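For ligands, and for the atoms within them, numbers begin at 1 and follow the listed sequence. Source: prediction; values computed, not measured.
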Amino acid sequence: MASTSILLLATLLALASWQSIASDPSPLQDFCVADKHSPVLVNGFACKDPMAVNADDFFKAAMLDKPRDTEKSKVGSNVTLINVMQIPGLNTLGISIARIDYAPLGENPPHTHPRATEILTVLEGTLYVGFVTSNQANRANQLFSKVLNKGDVFVFPEGLIHFQFNPNPHLPAVAIAALSSQNPGAITIANAVFGSKPMISDDVLAKAFQVEKGTIDWLQAQFWENNHY
Ligand SMILES: *[C@@H]1O[C@H](CO)[C@@H](O)[C@H](O)[C@H]1NC(C)=O
């Protein structure tokens, strides 16, 4: 009995410390505004002289109210991310924000953020959203999905593959998402697998996807547009 509790405690502690490694490191002062010109290379950015910091370092003029163009996008979406590159004051604070515009029937295709959990709310329209669990023992690759309406909120856990799709053929949709990293990163699955430069060998992908090499060659010949940096 006691040994079971100790094992459980050890597992929880291990998970807790893994969590803190997987997220952005905690700040050790009020702020550390990114000094993009510093020659010092650290994880994130070196701090600008605190005496030179002002409110503008934490500010980005109105841009998330503007609808983004989704006409040119093959997948019918446009992600406007505001991370540490746009607001230097985000350095070391472990947070960022995005606006996502969806054309009618547009989608933000399956992707992951290697460094962030995401919490998303719908401002306009309807979204069918979901994420898939990892190859874990009991619930391997399980899809958790939901239809969201205006004001609804959904969470995509750190690192897991997720998507949003606008099922309405007539109306656009808009969402705002917060992400738990100053630089969440994005890996769009199809682009990484079929659009890498140079290409992954079609021998590798034909076996991985259990299809003919010709199918892989066709997929690799497509243009895998990036809606998302
Ligand atoms: C996103 O919208 C902006 C502004 O509307 C536009 O300049 C940009 O090309 C769009 N990106 C995509 C991938 O369509």
Side-chain angles (χ1 to χ4, degrees), residues 34 36 56-90 95-132 145 147-154 156 158-200 218-229:
K36 306 259 173 65
D56 282 332
D57 290 312
F58 302 91
F59 174 74
K60 182 80 193 166
M63 69 178 286
L64 287 192
D65 61 323
K66 313 254 184 333
R68 288 295 168 130
D69 184 8
T70 55
E71 300 293 307
K72 293 195 292 281
S73 161
K74 278 173 81 174
V75 291
S77 69
N78 195 328
V79 180
T80 310
L81 174 67
I82 304 205
N83 64 11
V84 69
M85 299 312 288
Q86 284 77 37
I87 302 186
L90 284 176
I95 197 166
S96 55
I97 191 169
R99 173 190 170 115
I100 309 139
D101 288 89
Y102 309 84
L105 301 179
E107 73 169 17
N108 190 10
H111 64 279
T112 95
H113 303 291
R115 294 175 288 277
T117 290
E118 173 173 348
I119 184 165
L120 175 143
T121 188
V122 178
L123 296 188
E124 291 298 336
T126 301
L127 290 175
Y128 167 62
V129 306
F131 68 81
V132 178
S145 69
V147 174
L148 306 181
N149 292 303
K150 187 169 176 169
D152 291 348
V153 176
F154 198 76
F156 305 106
E158 181 163 323
L160 300 188
I161 293 180
H162 60 281
F163 61 85
Q164 301 105 32
F165 173 74
N166 174 9
N168 192 307
H170 308 294
L171 296 173
V174 182
I176 293 281
L179 296 116
S180 63
S181 171
Q182 67 178 36
N183 181 23
I187 301 168
T188 306
I189 307 308
N191 301 32
V193 173
F194 300 116
S196 70
K197 290 167 218 62
M199 286 174 190
I200 301 175
W218 183 85
L219 284 164
Q220 288 182 324
Q222 306 306 306
F223 172 62
W224 297 102
E225 167 206 279
N226 191 351
N227 72 332
H228 214 145
Y229 289 89

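Only one option out of Val75, Asn108, Asn168, Thr126 pairs with Tyr102 in a side chain to side chain contact (heavy atoms under 4.5 Å, CB included); it is Asn108.
Using a 4.0 Å cut-off between charged nitrogen and carboxylate oxygen, Lys150 and Glu124 count as a salt-bridge pair.
With hydrogens and angles disregarded, no donor-acceptor distance shorter than 3.5 Å links the side chain of Asn166 to the backbone of Gly106. A donor-acceptor pair under 3.5 Å is formed between the side chain of Trp224 and the backbone N or O of Leu219.
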Give a table of atom pairs where an N or O of ligand 1 lies under 3.5 Å from a protein N or O.
{"from": "ligand 1", "atom 1": "2 (O)", "to": "Asp69", "atom 2": "N", "distance (Å)": "3.4"}
{"from": "ligand 1", "atom 1": "2 (O)", "to": "Asn78", "atom 2": "ND2", "distance (Å)": "2.3"}
{"from": "ligand 1", "atom 1": "5 (O)", "to": "Asp69", "atom 2": "N", "distance (Å)": "3.0"}
{"from": "ligand 1", "atom 1": "11 (N)", "to": "Asn78", "atom 2": "ND2", "distance (Å)": "3.0"}

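No side-chain donor-acceptor contact under 3.5 Å links Asn78 and Asp69.
Using a 30° and 60° split on the angle between ring planes, His162 and Phe156 fall in the parallel class, below 30°.
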